[in-house]
Asker: 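Pasting in a structure now, in structure tokens, and then I'll have a few things to ask.
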Amino acid sequence: MGMLDENRHLEELDKKYIWHPFTQMKEWLDEKPIIISEGRDCFIKDIYGKWYLDGVSSIWVNIHGHRKKEIDNAIKEQIDKISHSTLLGLSNIPVIKLAERLIALINSSLVTRHSSLSKVFYSDNGSTSVEVALKMAFQYWKHKGIDGKHSFLSLRNAYHGDTIGAVSVGGIEIFHKVFSPLLFKSYNAPSPYCYRCEIKLSYPDCKFACLKKMEDILRENSSEIAAVIIEPLVQAAGGIIVSPAGYLKGVRDLCTKYNVLMIADEIATGFGRTGKMFACEHENIIPDIMCLSKGITGGYLPLAVTVTTEEVYNAFLGEFRELKTFFHGHSYTGNPLACAAACACLDIFEKDETLKKLQSKIEVLENWCNEVSSLSHVGEARNKGFMAGIELVRDKQTKEPYAWEEKMGWKVAYHARDNGVFIRPLGNIIVIMPPLTISKENLKQMLKVINDSIIAVT
Ligand SMILES: *Cc1c(COP(=O)(O)O)cnc(C)c1O
């Protein structure tokens, strides 16, 4: 078979065998799929040899770029020792090293008066780390002898993953509504979405009316609520919704006041995405439970952790017959290859001064957001650190959105794709989430392509 025939064959086989996630396959079958064969730094190459700038960091996970030598080598070295061994009843070297480093990192980043995070529970993707957090919070209260905390409080526009527990605390109608008969009950507080405030107020005159609504729910129902779960600072999949300064701290204070645990889902925001190592750092808070995944291995291998306090952990200690054991675990929990990649990823943060070098690139992104916000169909261009969302609107004055079916975000994304930049929108929101290590030159080039695409399409 010639090269061209082989590529066509791959396209046929994809369509024949693969069901892609979050994808209307009927449309997929009508399009030419992009099949990736290679990556380097912040670029990915398709089978025809065309290079694209990876503007979504391979769906928000790849922070140091592709084929980063240190991570490649760490995995290769670990392969020569052992690739997998279970964490059920055994331990392994990379899980121990990584746990120690994560706890040290978290505690050097998050400094407060509260108790610190000290225990690491491993799993293998973001959704499972959320499942772990929910079950852990629920069972914690049982062990404390407090009955009835069978529910959670989550936010509208929240996204915590696609497993049923995570969907139960999700708040994105388009993704989640169809499953509602299957879900457990969760209380919903307003999304801190100032551009489209549910309460029709504006910050700061609102005096955090959305937090007051949350407090109303907690005041009435805290006896039923095990935990508040929140994406700190940025509701990512909900549309890069950036909460106003002080909101996160307000949530922490309410959790303490009403005796519910706080679960911080840092799966999207963790590992530098907001400009600091963790989003919680910006408001100096410590959650009771923290979920981390996505960037943890530099986007190489699936891995997640649910980190918690001594207080939560201690509640599960007891005699064997008391059945206080945390009955949860996955086949690939604590995979040594993934943990070795994660350790290398943390090394790079130190050695390359990733966060320090990121700051001036955040400035470039922020300035660009200010510029594009004057375009006639950009309602709001918002960012927190190195994640940005450009909200396209039909009418700037009335904030009337484009109809979902119009696929405006997708039209912009396709235009950018034709010009060498791969992005994936969330409805009408253009998401910008490049690797943290992208060069300033490539960043500017990417922003220019996106800018031109918005103008060309809207
Ligand atoms: C991506 C994401 C998840 C789910 O992680 P998966 O690895 O895709 O299961 C959960 N919470 C947040 C905030 C996320 O961005």
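Remember, it's 1-based here, ligands and their atoms both numbered in the order they're listed.
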Asker: Looking only at the aromatic ring of each residue, does the gap between the centers of His330 and Tyr122 stay below 6.0 angstrom?
Answerer: no
Asker: So which protein residues pack against ligand 1 under 4.0 Å, heavy atoms counted?
Answerer: Trp60, Asn125, Gly126, Ser127, Tyr159, His160, Gly161, Glu231, Asp265, Ile267, Ala268, Lys294
Asker: Ignoring hydrogens, what is the shortest heavy-atom contact between Ile230 and His160? Give both atom names and the distance.
Answerer: C-CE1, 4.0 Å
Asker: Ignoring hydrogens, what is the shortest heavy-atom contact between Phe138 and Lys149? Give both atom names and the distance.
Answerer: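 Shortest heavy-atom contact: CD1-O, 3.5 Å.
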Asker: Does anything in residues 166-195 form a salt bridge (charged side-chain N to carboxylate O under 4.0 Å, His left out)? List the pairs, not counting sequence neighbours.
Answerer: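 Checked against salt bridge (charged side-chain N to carboxylate O under 4.0 Å, His left out) - neighbours excluded - the pairs reaching residues 166-195 are Lys185-Glu224.
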Asker: Hey, do the aromatic rings of Phe175 and Phe22 have their centres closer than 6.0 Å?
Answerer: yes
Asker: Assess the pair His143 and Phe316: is the distance between their ring centroids shorter than 6.0 Å?
Answerer: yes
